[in-house]
K.L.:
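One structure is given below, represented as structure tokens, and several questions about it will come after.
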Amino acid sequence: AKRSGRNRHSFFTADLEARSARTLALENALHRALERQQFELHYQPQVSLHTRQIVGAEALLRWRHPELGMVSPAEFIPVAENSGMIVAIGEWVLRTAARDAKHWLDQQLPLRTVSVNLSAIQFRHPQLPDMVSRCLHEANLCASHLELELTEGAAVDDPDAALTVMQQLHERGARLSMDDFGTGYSSLNQLKRFPLGKLKIDQSFVRDVSVDASDRAIISAIIRMAQAMDMTTTAEGVETEEQLAFLLEQGCDEGQGYLFSRPVPALAFEALLRAKNA
Ligand code: C2E
Ligand code: CA
Ligand code: CA
Ligand code: CA
């Protein structure tokens, strides 16, 4: 932006300009990221809390830019959503995750599901169910090996439309889970109608479990509710044995977190699968 007067240029606008300059740079670079093959998927093991065996993996998107370096999805996913690019990027994620899952299953590696995050924008895209079917078909992957992670934000605006899309995905055989559960605004009344197989307990509740009694109460309530509604639970952000012990005691089924493994590149995940599930 052109500066017309030094005095009018406050700290506030300087900060705002710096931030929007970064956003603009990201947005421009993002336009070429797909064709330049700058994306990769990392996989974080999802572990059975009882056996500590790997049962699944969550695909997490990574963007390696030559000048900007590794850009965090927390930073570029919102930019991709605002520009609509998330639809094409999301399709790449799904296609790649389906191909990787097929590759592992073909080697008889014990893997139930690969989970893919869906943004609320993708979720509202009318072609989503067809896109999912196409990616599964291309990879020759059975839909039951795919889990789609939704956030409560996907359903707040129009719960009836969201229910219809969930039913379409469910009918095609994909599993659905609710991500970051407890941080959004979905009502229990809606929740019971959704064909969800799993609730993922947000890491903000898990983090302070050893010091915060209300976090313990929330986790306990989520697990009991999921059990009553015939859903499984996965705790996110499990970092300590202490957290694991509490989750086990409460009957949580699965966990993800640095205690088990950070997200790792596909090849490293494959090695983990061989080593830990041998
Ligand atoms: P999320 O879906 O809730 O993913 C979990 C995040 O927690 C990941 O961050 C993961 O690396 C991090 N994490 C895992 N274990 C631990 C732990 O023990 N402690 C802590 N502190 N963090 C842990 P990441 O990979 O940076 O992704 C951030 C968010 O970006 C994701 O949150 C998800 O909302 C979004 N995202 C990532 N990949 C995709 C994608 O392919 N599509 C869409 N739409 N969103 C994505
Ligand atoms: Ca997720
Ligand atoms: Ca999450
Ligand atoms: Ca999150």
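Predicted, not measured: the structure shown is a model, and the values here were computed from it. In each ligand, atom 1 is the first atom listed, and ligand 1 is the first ligand listed. Basis for what follows: all heavy atoms, side chains included, without hydrogens, waters or symmetry-related copies.
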K.L.:
List in chain and number order the residues that pass side chain to side chain contact (heavy atoms under 4.5 Å, CB included) with S119, two or more places apart in sequence or in another chain; answer none if no residue qualifies.
P.N.:
E81, I86, I121, Q122
K.L.:
Using a 4.0 Å heavy-atom cut-off, say whether E58 meets ligand 1 through its side chain, its backbone, both or neither.
P.N.:
side chain
K.L.:
Is there side-chain contact between V132 and L146, with heavy atoms separated by less than 4.5 Å?
P.N.:
yes
K.L.:
What protein atoms of element N, O or S are positioned under 3.0 Å from the Ca ion (ligand 2)?
P.N.:
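Counting only protein N, O or S atoms under 3.0 Å from the Ca ion (ligand 2), the list reads E58 OE2, N117 OD1, E149 OE1, D179 OD2.
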K.L.:
I'd like the name of whichever of D179, L61, L150 reaches closest to atom 2 (O) of ligand 1 through any heavy atom.
P.N.:
D179
K.L.:
Where is the tightest heavy-atom contact between C252 and I201, given as atom of each residue plus distance?
P.N.:
SG-CD1, 4.4 Å
K.L.:
Is there a side-chain contact between V93 and F39, using heavy atoms and a 4.5 Å cut-off?
P.N.:
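With C-beta onward as the side chain, the pair stays apart.
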K.L.:
Report, in ascending order of atom number, the atoms of ligand 1 lying under 4.0 Å from any heavy atom of S119.
P.N.:
44 (N)
K.L.:
What residues, two or more places apart in sequence or in another chain, satisfy salt bridge (Lys or Arg N to Asp or Glu O under 4.0 Å) together with E75?
P.N.:
R22
K.L.:
Tell me whether G237 reaches ligand 1 (any heavy atom closer than 4.0 angstrom to a ligand atom).
P.N.:
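Yes, that is the case, since the closest heavy atom of the residue is under 4.0 Å from the ligand.
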K.L.:
Heavy atom under 4.0 Å from ligand 1: found in E236's side chain, backbone, both, or neither?
P.N.:
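Looking at E236 and ligand 1, just side chain atoms fall under 4.0 Å.
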K.L.:
Specify side chain, backbone, both or neither for K200, according to which of its non-hydrogen atoms lie closer than 4.0 Å to ligand 1.
P.N.:
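Under 4.0 Å from ligand 1, K200 contributes no heavy atoms.
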K.L.:
When rounded to the nearest 0.5 angstrom, what distance separates OG in S220 from CD in Q250?
P.N.:
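It comes to 4.0 Å.
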K.L.:
Which is it for D180 and ligand 1 at heavy atoms under 4.0 Å: side chain, backbone, both or neither?
P.N.:
side chain
K.L.:
If you measure from each non-hydrogen atom of V93 to ligand 1, which part falls under 4.0 Å: side chain, backbone, both or neither?
P.N.:
side chain
K.L.:
Is it the side chain, the backbone, both or neither of I77 that has a heavy atom closer than 4.0 Å to ligand 1?
P.N.:
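Looking at I77 and ligand 1, just side chain atoms fall under 4.0 Å.
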K.L.:
Any idea which atoms of ligand 1 are less than 4.0 Å away from a heavy-atom of E239?
P.N.:
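The list of qualifying atoms is 17 (C), 18 (O), 19 (N), 20 (C), 21 (N).
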K.L.:
Salt bridge check, E254 against R112: does any charged N sit closer than 4.0 Å to a carboxylate O?
P.N.:
yes
K.L.:
Classify the contact between Q44 and ligand 1 as side chain, backbone, both or neither, using a heavy-atom distance cut-off of under 4.0 Å.
P.N.:
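The answer is the side chain.
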K.L.:
With the threshold set at 4.0 Å, does a side-chain nitrogen-carboxylate oxygen contact exist between R134 and D130?
P.N.:
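No salt bridge links R134 with D130.
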K.L.:
Can you tell me which portion of P263 lies within the under-4.0 Å heavy-atom range of ligand 1? Options are side chain, backbone, both, or neither.
P.N.:
side chain
K.L.:
Can you tell me how far the CD atom of Q256 sits from the OG1 atom of T234, to the nearest 0.5 Å?
P.N.:
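It comes to 6.5 Å.
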K.L.:
Could you tell me which residues satisfy salt bridge (Lys or Arg N to Asp or Glu O under 4.0 Å) with E239, sequence neighbours excluded, listed by chain and number?
P.N.:
none
K.L.:
Provide the number and element of each atom of ligand 1 under 4.0 Å from a heavy atom of G257.
P.N.:
15 (N), 18 (O)
K.L.:
Measuring from L150:CG to F123:CZ, what's the distance to the nearest 0.5 Å?
P.N.:
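Answer rounded to 0.5 Å: 5.0 Å.
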K.L.:
Salt-bridged, K198 to E236, with N to O below 4.0 Å?
P.N.:
no
